[in-house]
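Data block below; observations after.
Quick note: numbers below take in every heavy atom, side chains included, and nothing from hydrogens, waters or symmetry partners. Proteins get letters first, then strands, A, B, ... in listed order; numbering begins at 1 in each.
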Amino acid sequence: QVQLVQSGAEVKKPGASVKLSCKASGYTFISYYMYWVRQAPGQGLEWMGIINLSSGSTSYAQKFKGRVTMTRDTSTSTVYMELSSLKSEDTAVYYCARVPSRYSSSFDYWGQGTLVTVSS
Amino acid sequence: QSVLTQPPSASGTPGQRVTISCSGSSSNIGSNTVNWYQQFPGTAPKLLIHSNNQRPSGVPDRFSGSKSGTSASLAISGLQSEDEADYYCAAWDDSLNGPVFGGGTKLTVL
């Protein structure tokens, strides 16, 4: 069965960076794309970027360009998302979510989420 | 401010039929398929409806989706207490070159 297992909760100070991981299993890793989507407390869903798991190419939402980096390790079927220059507004639950193609909003599997708290 | 517009709340009694609307524009719903997600507190969203009206395996047929022009709707018939959750619509946006979401609708079963 498809599983996306994310790394544990993080607490960071403003200005720091955080790197989250998402380990995929139960399917052919490179046959899909992976998004990172975040959800601030009590708020809706917001996409941050997408990575082509086969080529490693990425596309980031304008809001996060320059602060976010997505990478993948095909040997371990793991996707990473690093967000730098953290602010209190970055406090949110971060999800990895799989899509079958580049231009899709059909996220068929999600990780369990990672809470990132940014506080001084 | 979400790109897709949903009512913040909806409610119904057990057994009733409830609909949740999602309004967009020609660059998203008007030219791409709509997906719906169900989210319980403290858990990840779950794909409920894809491609406007298709249910993934395991989703009860009480849930149905439709699309017309730049709007879409999620209908839940035979409402049950366990349907109490947040519901989000999503679609690809050609202008923004990314997926866009509605702000979510909190469904309360009275």
(message) Looking only at heavy atoms and a cut-off of under 4.5 Å, which of A:Ile50, A:Leu45, A:Val93 has the most pairs with chain B?
(response)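 The option with the most such pairs is A:Leu45.
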
(message) Counting heavy-atom pairs closer than 4.5 Å to chain B, which one of A:Gly44, A:Gly111, A:Ala61 comes out on top?
(response)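 Most pairs with chain B among the choices: A:Gly44.
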
Give the cluster check for [X] versus [Y]: same hydrophobic cluster or not, with ILVMFWY residues linked at side-chain heavy-atom distances below 4.5 Å.
X: A:Leu115; Y: A:Met48; answer: no
X: B:Phe63; Y: B:Val34; answer: yes
X: A:Tyr32; Y: A:Tyr109; answer: yes
X: A:Phe64; Y: A:Ile51; answer: yes
X: A:Val68; Y: A:Leu53; answer: yes

(request) Without swapping roles, check the side chain of B:Tyr37 against the backbone of A:Phe107 for a donor-acceptor pair under 3.5 Å. (result)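 Confirmed, B:Tyr37 side chain pairs with A:Phe107 backbone.
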
(message) I'd like to know which of B:Val100, B:Asn97, B:Asn32 tops the heavy-atom pair count under 4.5 Å against chain A.
(response)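 The candidate making the most pairs under 4.5 Å is B:Asn97.
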
(message) Among B:Thr33, B:Asn35, B:Leu47, which residue has the highest count of heavy-atom pairs closer than 4.5 Å to chain A?
(response)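 Top count of heavy-atom pairs under 4.5 Å with chain A: B:Asn35.
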
Could you tell me which non-hydrogen atom of [X] sits nearest to which non-hydrogen atom of [Y], and how far apart they are?
X: B:Ala91; Y: A:Ser105; result: CA-OG, 3.3 Å
X: B:Trp92; Y: A:Arg102; result: CH2-NH1, 3.2 Å
X: A:Trp47; Y: B:Gly98; result: CZ2-CA, 3.6 Å

Does any backbone or side-chain atom of [X] lie under 4.5 Å from a heavy atom of chain A? Answer side chain, backbone, both or neither.
X: B:Asp86; value: neither
X: B:Pro45; value: both
X: B:Ser2; value: neither

(message) Working to the nearest 0.5 angstrom, can you tell me the gap between A:Gln62 CD and B:Leu96 CG?
(response)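 Here the interatomic distance stands at 10.5 Å.
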
(message) To the closest 0.5 Å, what do you measure between OG (B:Ser57) and CG (A:Asp108)?
(response)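 One gets 12.0 Å once the value is rounded to the nearest 0.5 Å.
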
(message) With a 4.5 angstrom heavy-atom cut-off, is it the side chain or the backbone of A:Tyr95 that approaches chain B, or both, or neither?
(response)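 The side chain, not the backbone.
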
(request) Give, as side chain, backbone, both or neither, the part of A:Tyr35 having an atom under 4.5 angstrom from any heavy atom of chain B. (result)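 The side chain, not the backbone.
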
(request) For A:Gln39 and B:Phe101, run side chain to side chain contact (heavy atoms under 4.5 Å, CB included): C-alpha distance rounded to whole Å, both residues' side-chain angles, the deciding distance at 0.1 Å, then the answer. (result) CA-CA 11 Å; A:Gln39 186 171 35; B:Phe101 295 92; over 6 Å; no

